[in-house]
Asker: 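Structure below; questions to follow.
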Protein chains: 2
Amino acid sequence: MAIPRAARTQRRTRIQEEKEEIILEAALDVFSVSGFRGSTIDQIAEVAGMSKPNVLYYFRTKEAMHRALIDRVLFTWLEPLRAFDSNGDPESEIRSYIRRKLEMARDFPRESRLFANEMLQGAPHVEDELRGPLKALVDEKAEVIRSWARAGKITKCDPYHLIFSIWSTTQHYADFDVQVRAVLGQDHSGEGRFEDAARYLEQLFVDGLRIRHT
Amino acid sequence: MAIPRAARTQRRTRIQEEKEEIILEAALDVFSVSGFRGSTIDQIAEVAGMSKPNVLYYFRTKEAMHRALIDRVLFTWLEPLRAFDSNGDPESEIRSYIRRKLEMARDFPRESRLFANEMLQGAPHVEDELRGPLKALVDEKAEVIRSWARAGKITKCDPYHLIFSIWSTTQHYADFDVQVRAVLGQDHSGEGRFEDAARYLEQLFVDGLRIRHT
DNA sequence: TGTAATGTTTACCAATCGGTCAAATTATCT
DNA sequence: AGATAATTTGACCGATTGGTAAACATTACA
């Protein structure tokens, strides 16, 4: 008899690992565009190249798929912020944070859109993670930024809104990709737009913060 | 016999105006949260307080509702950019543009989310408007910014990415409202966060652009 | 190789989807 | 008031939704 995935507690089969990966990949394709409510298991099954019941053999519900995806994305998504080093030089830390976030927008746009979709819907599945681990991490980094300001290494500014502005400006190139391409036109819609964005954003933030050059 | 709305060419009844307004208001509630695919006519009908066939009496399809909503939002959404005055002082123009966009994020968050949802889905209903009127308007304002840079009134920077960064930072407070509230915590989640954001963003952009004070 | 566990599919279910229809109700105008 | 047009709704339609049951196929392992 077939035992659905969620009921298994023992180690996973080779096939399980492969198929679950294929399904999550397909689910990311679909969820990131249409959001949770707008996506269907049939769409995911088609993209994954298997039948709907087969998908449901590995993930018992649509919610289980979404949950697994969100959990994975949430972790890797905060990686750049965790890497933010309180002992580093403020200017280079902020520069590399911007660069890393921009690279993620370029290389993982679906993950960005999945997250954006979840936020737009009011974060029904992850509000706890926002109030808990995310807030804790941001609080910690905000304190680092504040200490830089106290030490005179950086212009005094609201560290929370600084972080928000880095998030929004970088993720914009993933979430609003269509708009960016449409406005830039065919000429500037190549991958070069990310380098232009990096140049512009580093200038905006570093000069904007009046970071003293060492 | 009842003549559905779209077939009418004569002037509209008082009831028509009222009900269409109620329906669009409800549709904005629903579409802005769940996106087009994730929203149902039943939801809209319930929010509007009328039966589904009655909603469909005024808008023949779900798409017609969405289209009417998008058209209206797209127009008012670009109002602040249109108001961007090429004859004005660069610093005060940019300051007031930021302020206006932030006010819209505060006062019309549903409109912002409706638009964001449409972008996330790849702008299936408005890509033409993006490539046409929107691009034309941005091109025009970008040229203004470039002329300010040539005249030495402003630091040289990519005007398109400057506009993108103003859009993203301001709309962030509408689209990612849940996240902003969660990270700021209860203490700073009041309406005061918009004033904090305005202060921070004006500092970021104006100083970042090294605008010479007159 | 045999067999038990795992994986896959066809057929199906009740609920919900977008949308229609005709009948009933209400507003408008003379 | 009465006639006519505009509005509203309950019943309904075929298609699609998330999910299940059970038969069938494949794999892993003794």
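Convention: sequence-line order gives letters A, B, ...; per-chain numbering from 1.
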Asker: Just wondering, are more than 12 heavy atoms of other shown residues or ligands nearer than 6.0 Å to CD in A:E195?
Answerer: no
Asker: What is the distance, rounded to the nearest whole Å, between atom CD1 of A:I22 and atom C1' of C:dG7?
Answerer: 13 Å
Asker: Check the distance between D:dT17's P and B:Q43's CD and give it to me in whole angstrom.
Answerer: 16 Å
Asker: As a test of reading the structure: which of C:dT9, D:dG10, C:dG19 is closest to the side chain of B:P53, going by heavy atoms?
Answerer: D:dG10
Asker: Side chain of B:T61 only, heavy atoms from C-beta on: which candidate in C:dC17, D:dG18, C:dG19 is closest?
Answerer: C:dG19
Asker: Out of D:dG18, C:dG19, D:dA21, which has the shortest distance to the side chain of B:K52?
Answerer: C:dG19
Asker: Near B:F194 CZ, under 6.0 Å, is it more than 12 heavy atoms from other residues, nucleotides or ligands?
Answerer: yes
Asker: Could you check how far NZ of B:K19 sits from C1' of C:dT26, rounded to whole Å?
Answerer: 10 Å
Asker: To the nearest 0.5 Å, tell me how far A:D177 CG sits from B:M119 CE.
Answerer: 11.0 Å
Asker: Send over the distance from A:E46 CD to D:dG18 P, rounded to a whole Å.
Answerer: 13 Å
Asker: Looking for any heavy atom pair under 4.0 Å, which part of the strands does B:T40 touch: base, sugar-phosphate only, or nothing?
Answerer: sugar-phosphate
Asker: Nearest to the B:L56 side chain among C:dT9, D:dG19, C:dT20, which nucleotide is it?
Answerer: C:dT20
Asker: Counting side-chain heavy atoms from CB outward, which of D:dT17, C:dC17, D:dT7 is closest to A:D42?
Answerer: D:dT17
Asker: So, does B:N54 get its side chain near the phosphate of D:dT9, meaning an N or O under 4.0 Å from OP1 or OP2?
Answerer: yes
Asker: In whole angstroms, how far is the P atom of C:dC17 from the CZ atom of B:R37?
Answerer: 12 Å
Asker: Output the rounded distance in Å from CD1 (A:I23) to P (C:dT8).
Answerer: 9 Å
Asker: Tell me: OH of B:Y58 to P of D:dT9, nearest whole Å?
Answerer: 10 Å
Asker: Closest approach to the side chain of B:I41, judged atom by atom: which nucleotide of D:dG18, C:dG19, D:dT8 is it?
Answerer: C:dG19
Asker: Looking only at the side chain of A:Y57 (C-beta and beyond, no hydrogens), which of the listed nucleotides D:dG19, D:dT8, C:dG7 gets closest?
Answerer: C:dG7
Asker: Check the angle between the aromatic planes of A:F164 and B:Y173 and answer parallel, tilted or perpendicular using the 30° and 60° thresholds.
Answerer: perpendicular
Asker: At under 4.0 Å, does any side-chain N or O of B:K62 touch on OP1 or OP2 of C:dC17?
Answerer: no
Asker: Decide if atom CD of A:E46 counts as having more than 12 heavy atoms of other residues, nucleotides or ligands within a radius under 6.0 Å.
Answerer: no
Asker: Between A:Q16 and C:dG7, is there a contact of a side-chain N or O with OP1 or OP2 at under 4.0 Å?
Answerer: yes
Asker: A:F59 CZ to C:dG7 P: how many Å, rounded?
Answerer: 13 Å
